[in-house]
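Okay, so here's the structure we're looking at.
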Amino acid sequence: MLRGFYQRAILKNKIMASNDEQNQLQILRHSAAHVLAAAVLRLFPDAKYDIGPATENGFFYDFDLPRSLTEKDLTAIEAEMQSIIAANEPFERMEVSRATARQKMQALHQSYKCERLDAIPEGEVISLYKTGDFLDLCHGPHVKSTGCIKAFKLLSIAGCYYRGDETRQQLQRIYGTAFASQQDLDQYLQRMEQAKERDHRKLGVKLNLFLIDSLVGQGLILWTPKGTILRKQLQSFLEEELDKQGYDQVITPHIGKLDLFKVSGHYPYYKDSQFHPIWDRECIERAVDQAQSLDEIKERVRDKMDIDGFLLKPMNCPMHVRLYASQKRSYRELPLRLAEFGTVYRWEQSGELGGLTRVRGFTQDDAHIFCREDQVAGELKGCLKLINIIFTTLGMSDYRVRISLRDPASDKYIGDSALWEKSEQALRDAAKQLDKPSTEAIGEAAFYGPKLDFIVRDVLGREWQLGTIQIDYNLPYRFKINYVGSDNQPHVPIMIHRAPFGSMERFCGLLIEHFGGDFPLWLAPEQVRLLPIKDTCIAYADEVYALLKQAKIRCSVDDRAETLNSKIRSAESDKIPYVCIVGEKEQSAHSVSIRSRCQPHSNGTYPIEQLITLLRNEIDQRLLPEAFKGKKA
RNA sequence: GCCGGCUUAGCUCAGUGGUAGAGCUCCCGAUUUGUAAUCGGAUGGUCGUCAGUUCAAGUCUGACAGUCGGCUCCA
């Protein structure tokens with residue numbers, strides 16, 4: 001099965017085929033990929049080429065080359081491409097038999113192409129495309145000739161596995177992009193540059209929100225005082241909603257006995273994605289005493305099975321299940337909704353870590369709903385409502401919903417088939433509430449149940465899963481939990497896992513990019529900065545500060561011996577929502593002069609009391625900044 | 001984990017195998033300013049770490065770490 005980037009590229013192609021202009025661009029880009037391959041072959045006659053599809057914003061082509069490419073090679077390849085384009089060679093299509101295609105590709109020693117040929121189903125038309133000396137197995141279509149490619153640029157080199165399979169040959173992938181005109185290309189490149197300025201990793205440093213410290217460890221986030229305010233505001237917001245929806249909050253530890261995770265099945269099944277367990281001292285001693293050789297000890301460490309100890313929790317659910325199981329439950333008290341901002345730890349591969357979006361320790365806004373079968377649909381609706389409130393409040397409308405279903409052909413799923421169908425339908429029905437296009441993804445379900453995933457893009461266009469709602473048939477059975485029904489008989493409850501933010505870290509990362517650092521007032525770490533015009537006004541500024549502080553507004557006084565212009569510049573660059581200038585005029589009128597982020601040039605003067613009312617209203621209603629109004633989901 | 005790039009002051013970055021640099025920040029003076037950068041001074045470095053080549057390494061080589069772009073993975 002195709003995975004990752006290529007799979008997304010194919011999907012995108014299918015979606016975009018409906019749009020003619022986009023379709024033309026796709027053809028142009030795919031043709032540019034052919035030119036790229038032709039150029040690489042001129043420079044590396046021994047190169048083997050694999051595939052070169054168009055992607056959402058460009059194209060790539062995969063090669064097996066005698067040496068590693070560097071950025072410098074791209075210039076040479078681009079020059080070669082230019083010469084092919086200048087020659088204006090036509091793209092010639094030839095429909096051939098499978099045998100002919102095979103013979104031609106074998107003659108060129110193109111083993112990857114031969115394997116790709118084998119993968120084409122019987123009965124499909126097989127076509128070759130020829131441009132100059134370059135021959136490619138390709139379904140097409142293409143532009144008329146290489147001269148049609150007016151504007152392109154090679155962007156980067158990356159390693160990739162043949163057919164996305166990490167056990168196979170690693171190839172070199174060259175990424176590039178092409179547009180109908182140089183102007184479009186320049187615009188795109190400029191947009192990308194601007195996007196980098198919004199990158200949460202860059203803004204995180206600039207606005208001093210969080211820190212990743214190599215001495216602390218990769219993928220482990222240190223939240224600064226400012227970042228902590230942001231995160232805690234989000235948490236309080238969610239806590240208010242949880243309270244409205246009848247959740248109970250709980251707190252559970254960061255580690256638990258290995259036995260707990262053996263019962264849940266997380267250990268050792270997912271042991272490669274977990275931090276190494278903390279072995280009991282006696283267990284280590286026993287292992288050493290009993291082992292005949294060092295190899296045997298090594299084996300034990302590797303297997304990690306026959307040991308006792310503790311595990312940094314990779315998930316919160318087992319602990320919540322134990323809370324459920326601690327009492328005899330009646331059908332009358334269901335649904336029981338246990339929520340926790342629970343920090344979990346997972347051993348992500350080092351190459352995958354980055355910023356706040358992929359980390360090794362993160363806090364889920366987790367909750368587990370234990371309910372009866374007849375309550376599932378209602379509970380799902382509640383979850384969706386929560387997610388809708390969150391996205392609407394934050395003005396995030398650019399997300400997609402994936403309904404992750406089981407693959408009926410696979411036997412990896414547990415649970416009753418009728419129950420699956422019922423749940424899958426319940427998820428579909430619930431998803432309709434969101435008024436968002438949703439896609440069904442067969443085979444994306446967890447082995448223990450179907451789920452709804454909420455997926456957003458970062459500034460660089462990469463997709464990330466945020467919230468998730470999952471139905472679980474597994475854990476209630478593994479932990480043998482039940483409730484007493486109206487028939488006085490024990491019944492197994494159904495469990496719903498749900499996390500609207502997903503991970504606080506990832507969510508904050510995407511939120512920083514979403515707002516470009518210009519947070520709504522209620523989230524801004526520093527809401528107001530008071531700028532006294534000269535030293536003699538500092539006392540008045542302090543007076544205003546005390547009043548704002550009393551109204552629980554986060555503010556500061558910039559009392560540096562700097563010019564007003566300099567202080568304004570600092571405040572703007574720190575993205576302070578409201579800058580209040582206080583001088584003699586303001587002091588005598590007991591007012592401030594407001595310079596707001598959204599309207600920097602309307603210098604309204606407001607009495608202090610009015611300012612406080614204004615700000616409190618904006619905070620309490622969690623209003624979006626002006627720039628985001630009308631963008632509500 | 002795999003392929004490749006990058007790592008110089010708190011930040012952004014210069015630096016031809018031959019004495020370690022700039023701007024901003026921070027600190028100290030002076031300036032008291034009305035809506036996006038006042039002036040001057042001082043501090044700040046094991047050039048990611050450890051080896052190697054060389055008379056000489058920030059610069060060349062290797063290993064490791066971190067980071068970036070992908071790939072793989074993501075309960």
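Both backbone and side-chain heavy atoms feed into the values below; hydrogens, waters and symmetry mates do not. Residue numbering restarts at 1 for every chain, and letters A, B, ... go by the order of the sequence lines.
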Taking a pair as Watson-Crick or G-U wobble with both distances under 3.5 Å, which nucleotide is matched to B:G69? B:C3

Any N or O donor-acceptor pair linking the side chain of A:Arg358 to the base of B:C74 at under 3.5 Å? yes

Looking at every strand, decide which applies to A:Gln172 at a 4.0 Å heavy-atom threshold: base, sugar-phosphate, or nothing. nothing

Got a salt bridge between A:Glu505 and A:Arg358, using NZ or NE/NH1/NH2 to carboxylate O under 4.0 Å? no

Check this for me, if you would: do A:Glu572 and A:Arg569 make a salt bridge, where the nitrogen-to-carboxylate-oxygen distance has to be below 4.0 angstrom? no

For B:C39, what is the paired nucleotide under Watson-Crick or G-U wobble rules, both distances under 3.5 Å? B:G29

Phosphate-side-chain proximity, A:Thr563 and B:U38, N/O vs OP1/OP2 below 4.0 Å: yes

Distance below 4.0 Å between A:Ser350 side-chain N/O and B:G66 OP1 or OP2: no

Looking at B:A37, I'd like to know if its phosphate oxygens (OP1 or OP2) sit under 4.0 Å from a side-chain N or O belonging to A:Asn565. yes

From NZ of A:Lys206 across to C1' of B:U25 the rounded distance in Å is 14 Å

Does A:Asp199 come within less than 4.0 Å of A:Arg201, counting only side-chain N to carboxylate O? yes

Identified pairing partner of B:A14, criterion: Watson-Crick or G-U wobble below 3.5 Å: none

Whole-Å distance between B:C3 C1' and A:Phe63 CZ? 15 Å

Counting any heavy atom closer than 4.0 Å, what does A:Gln349 reach on the DNA or RNA strands: base, sugar-phosphate only, or nothing? base

Any side-chain N or O of A:Gln218 below 4.0 angstrom from OP1/OP2 of B:G66? yes

Nucleotide forming a Watson-Crick or wobble pair with B:G44, both distances under 3.5 Å: none

Taking atom P of B:A36 as reference, at what distance in whole Å does atom CD of A:Glu572 sit? 8 Å

Is there a donor on the side chain of A:Ser593 or the base of B:U35 sitting less than 3.5 Å from an acceptor on the other? yes

Whole-Å distance between B:C74 C1' and A:Gln364 CD? 12 Å

Under a 4.0 Å threshold between the charged nitrogen and the carboxylate oxygen, would A:Glu526 count as salt-bridged to A:Arg529? yes

Considering every strand and a 4.0 Å limit on heavy-atom distances, what is the contact class for A:Tyr448: base, sugar-phosphate, or nothing? sugar-phosphate

Please give me the minimum heavy-atom distance between A:Tyr473 and A:Leu419, naming the atom from each residue. OH-O, 3.2 Å

Could you measure between the two C1' atoms, the one in B:C13 and the one in B:C6, and give it in whole Å? 14 Å

Here the distance between atom P of B:U35 and atom CD of A:Glu562, to the nearest Å, is 16 Å

Base-pairing assignment for B:A20 (Watson-Crick or G-U wobble, both under 3.5 Å): none

How far does the P atom of B:U46 sit from the matching atom of B:A9, given to the nearest Å? 9 Å

Among B:G66, B:U35, B:A37, which nucleotide sits nearest the side chain of A:Leu564? B:U35

Might you point out which heavy atoms bring A:Leu189 and A:Lys153 nearest each other, and give the distance in Å? CD1-CD, 3.6 Å

What I want to check is whether the side chains of A:Asn316 and A:Gln364 have a donor and an acceptor closer together than 3.5 Å. yes

Should A:Arg462 be listed as having a side-chain N or O under 4.0 Å from OP1 or OP2 of B:G69? yes

Got a donor-acceptor pair under 3.5 Å from the side chain of A:Tyr161 to the base of B:G1? yes

Could you tell me how far apart A:Arg595 (CZ) and B:A36 (C1') are, to the nearest whole angstrom? 6 Å

For atom C1', what is the distance between B:A57 and B:A51, given to the nearest Å? 13 Å

With a non-hydrogen cut-off below 4.0 angstrom, is A:Arg346 in contact with a base, only sugar-phosphate, or nothing? base

Taking a pair to mean Watson-Crick or G-U wobble geometry with both distances below 3.5 Å, B:U53 pairs with none

Counting heavy atoms from C-beta on, name the nucleotide in B:U32, B:A75, B:G69 closest to the side chain of A:Pro314. B:A75

Could you state the atom-to-atom distance from CG of A:Asp165 to C1' of B:C73 in whole Å? 13 Å

In whole angstroms, the gap separating P of B:U35 from CG of A:Leu530 amounts to 18 Å

